[in-house]
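Everything on this sheet refers to the single structure shown next.
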Amino acid sequence: MGVGAVGEAMIRTLRRRRFPMTELRTLARSARTIEIDGENYEVQPTAPGAFEGIDIALFAGTEGDKGASAEFARAAVDSGAVVIDNSSFFRMEPDIPLVVPEVNPDDLDRHEGIIANPNCSTIQMAVALKPLHDRGKLTRVIVSTYQAVSGAGRSSVDALREQAQAIAAGKEPPTFPDCFLGHVMAFNLLPQIDSFAEMGYTKEEWKMVKETQKIFHDASLKITATTVRVPVYIGHSESVYVETEEKITADEARELFRSVPGVVVMDNPAKGEYAMPTDAAGRDEVFISRVREDPFIPNGLSFWVVADNLLKGAATNAVQIAEELVRRGSVRSN
Ligand SMILES: NC(=O)c1ccc[n+]([C@@H]2O[C@H](COP(=O)([O-])OP(=O)(O)OC[C@H]3O[C@@H](n4cnc5c(N)ncnc54)[C@H](OP(=O)(O)O)[C@@H]3O)[C@@H](O)[C@H]2O)c1
């Protein structure tokens, strides 16, 4: 449900991964016909009755107490669907599993109709942290993000294009009250994503902390985040620093990363090979590069993680959850 930036990526992902479907229903706020990859889809307005007969409802609507998830997710469950929700609305509810299939797939077994998809920047970091945590137990995580504008929805992509075109033409760039907090994003960096919350951190930064702790079932995991919006259309990048109880060398870390399905290690600095957003855009995998040991802290490691925020950060992770539910036989079949 929702045919914005993530909703469209979901439709493509379901098709590309040949998810078994007898019907694909598209819902949004307003009715219209949309075209994706040469195929037309009739979008219907979302209403409580619109989920009748649906087995899996992928939600990619708006955030907040009055958002699409708050308004319709329970109605979808009452109709018999399992909801996989991309918004942050249910993520921190204790009884609702928050799942990255590479990390905590077994949490799916305790769902009661709603499963939350984590924040895009959390998902790619969690995939990278998991093998290190299993091998050496994480004691500290410090992350700085470089997040693409598509992470803020389709309107932000259009806004960046307009600003960049204006600046390139030597004109004053337009600003938009609903995009980039009213700032100019083109040829700039924005060290604020979402509003400020406790201790001077933004809500996006707290999401990375709290969601990762929930996914790893470890509320004591020490994480600090700085999240930054960058003028990139697609692909979030992260500089991650970890300390572990057990020493993990850079070579060993690369091997651990390579052993994770869905991770691509691209790490050959001598040849200038490392992942950039342009490498990850359009791909389902999480890319890891620049793995190196801390010269001063014995058990410290730095690395660079890049993923397509609309795919692994949203649509792919949601569809992987749906695939896993089918594999586990926990979806009603009509
Ligand atoms: N973009 C990302 O990288 C990313 C990653 C992870 C999670 N998310 C989350 O995924 C969700 C969707 O994000 P997005 O980037 O796709 O946003 P978007 O491009 O702004 O699209 C939002 C879609 O939701 C529909 N919608 C909004 N309010 C609705 C309502 N009350 N009832 C029914 N449909 C409604 C809109 O319908 P109309 O088209 O009719 O207006 C639109 O199709 C958000 O919660 C976001 O936080 C996004």
Side-chain angles (χ1 to χ4, degrees), residues 1-13 25-36 41-51 57-76 83-91 98-100 114-126 145-160 176 178-179 193-195 202-204 207-208 211 227 229-230 232-238 277 280-282 284 306-321:
M1 198 211 66
V3 288
V6 174
E8 193 176 312
M10 279 173 167
I11 293 169
R12 288 208 168 96
T13 304
R25 203 174 295 167
T26 46
L27 306 171
R29 268 181 294 219
S30 55
R32 59 198 185 267
T33 305
I34 56 164
E35 197 205 300
I36 299 174
Y41 296 85
E42 297 303 326
V43 179
Q44 301 169 28
T46 315
F51 300 95
L58 301 174
F59 270 63
T62 35
E63 291 283 339
D65 291 346
K66 295 195 171 23
S69 307
E71 206 176 340
F72 298 112
R74 303 274 182 203
V83 168
I84 303 170
D85 182 37
N86 266 272
S87 81
S88 59
F89 190 69
F90 296 109
R91 286 184 196 150
L98 181 66
V99 175
V100 179
I114 300 178
I115 294 146
N117 216 35
N119 187 35
C120 36
S121 38
T122 307
I123 292 175
Q124 65 187 72
M125 181 173 77
T145 71
Y146 307 71
Q147 296 182 219
V149 297
S150 57
R154 183 174 280 153
S155 55
S156 293
V157 176
D158 297 336
L160 173 61
F176 308 88
D178 295 335
C179 292
I193 300 181
D194 210 328
S195 48
T202 62
K203 284 188 184 166
E204 183 82 357
K207 279 179 197 169
M208 292 193 77
E211 292 181 14
T227 58
R229 188 76 71 196
V230 298
V232 165
Y233 283 143
I234 294 178
H236 287 357
S237 306
E238 297 176 351
D284 283 333
V306 188
D308 184 322
N309 51 293
L310 297 173
L311 293 180
K312 185 56 187 164
T316 301
N317 200 72
V319 173
Q320 284 176 321
I321 289 173

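Atoms within a ligand are numbered from 1 in the order they appear, just like the ligands themselves. Numbering of residues begins at 1 and proceeds along the displayed sequence.
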N or O pair under 3.5 Å between [X] and ligand 1:
X	result
H236	no
F72	no
E63	yes
G67	no
A5	yes
A152	no
A314	no

Are any of the side-chain heavy atoms of [X] and [Y] separated by less than 4.5 Å?
X	Y	result
F90	S69	yes
Q320	D284	no
Y41	I11	yes
Q124	K312	no
E238	M208	yes

From [atom], work out which of [options] has a heavy atom at the shortest distance.
atom	options	answer
atom 23 (C) of ligand 1	A60, A28, G7	A60
atom 7 (C) of ligand 1	N117, I123, N86, V43	N86
atom 26 (N) of ligand 1	Q147, R29, K312	R29

State the atoms of ligand 1, each with its element, that fall below the 4.0 Å cut-off from a heavy-atom position in [X].
X	answer
S150	1 (N), 2 (C), 3 (O)
G61	11 (C), 12 (C), 24 (O), 44 (C), 45 (O)
T46	33 (C), 34 (N)
S30	40 (O)
T62	27 (C), 28 (N), 29 (C)
G313	5 (C), 6 (C)
L310	1 (N), 2 (C), 3 (O)
R32	38 (P), 39 (O), 40 (O)

*Of all the heavy atoms in F89, does at least one lie under 4.0 Å from an atom in ligand 1?*
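It does not, in that no heavy atom of F89 comes within the 4.0 Å cut-off of ligand 1.
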
*What do we get for N309 next to ligand 1 when only non-hydrogen atoms under 4.0 Å count, side chain, backbone, both or neither?*
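It is both parts that get close, each with some atom under 4.0 Å.
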
*Between S88 and ligand 1, which part of the residue brings a heavy atom under 4.0 Å of the ligand: side chain, backbone, both or neither?*
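Contact part for S88 vs ligand 1: neither.
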
*Distance in Å, N317 CG paired with N119 CG, rounded so as to fall on 0.5 Å steps*: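 Rounded to the nearest 0.5 Å, the CG-CG separation comes out at 11.0 Å.
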
*Do E211 and T122 get their side chains close enough for a donor-acceptor pair, meaning under 3.5 Å?*
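Looking only at side-chain atoms, T122 and E211 do form a donor-acceptor pair, the distance falling under 3.5 Å.
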
_Check: Q147/N309 side-chain N/O donor and acceptor closer than 3.5 Å_ =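 Note: Q147 and N309 side chains miss the donor-acceptor criterion.
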
*With D158, which residues qualify under side chain to side chain donor-acceptor pair (under 3.5 Å), at least two apart?*
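Counting only residues at least two positions away or on another chain, D158 forms a side chain to side chain donor-acceptor pair (under 3.5 Å) with R161.
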
_List the residues meeting side chain to side chain donor-acceptor pair (under 3.5 Å) with E71, not counting sequence neighbours, and say none if there are none._
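Applying side chain to side chain donor-acceptor pair (under 3.5 Å) to E71 gives none.
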
_Verdict with supporting geometry, F59 and I84, side chain to side chain contact (heavy atoms under 4.5 Å, CB included)_ = CA-CA 6 Å; F59 270 63; I84 303 170; over 6 Å; no

*What orientation do F51 and F72 show, parallel under 30°, tilted 30 to 60°, or perpendicular over 60°?*
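Correct class here is tilted.
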
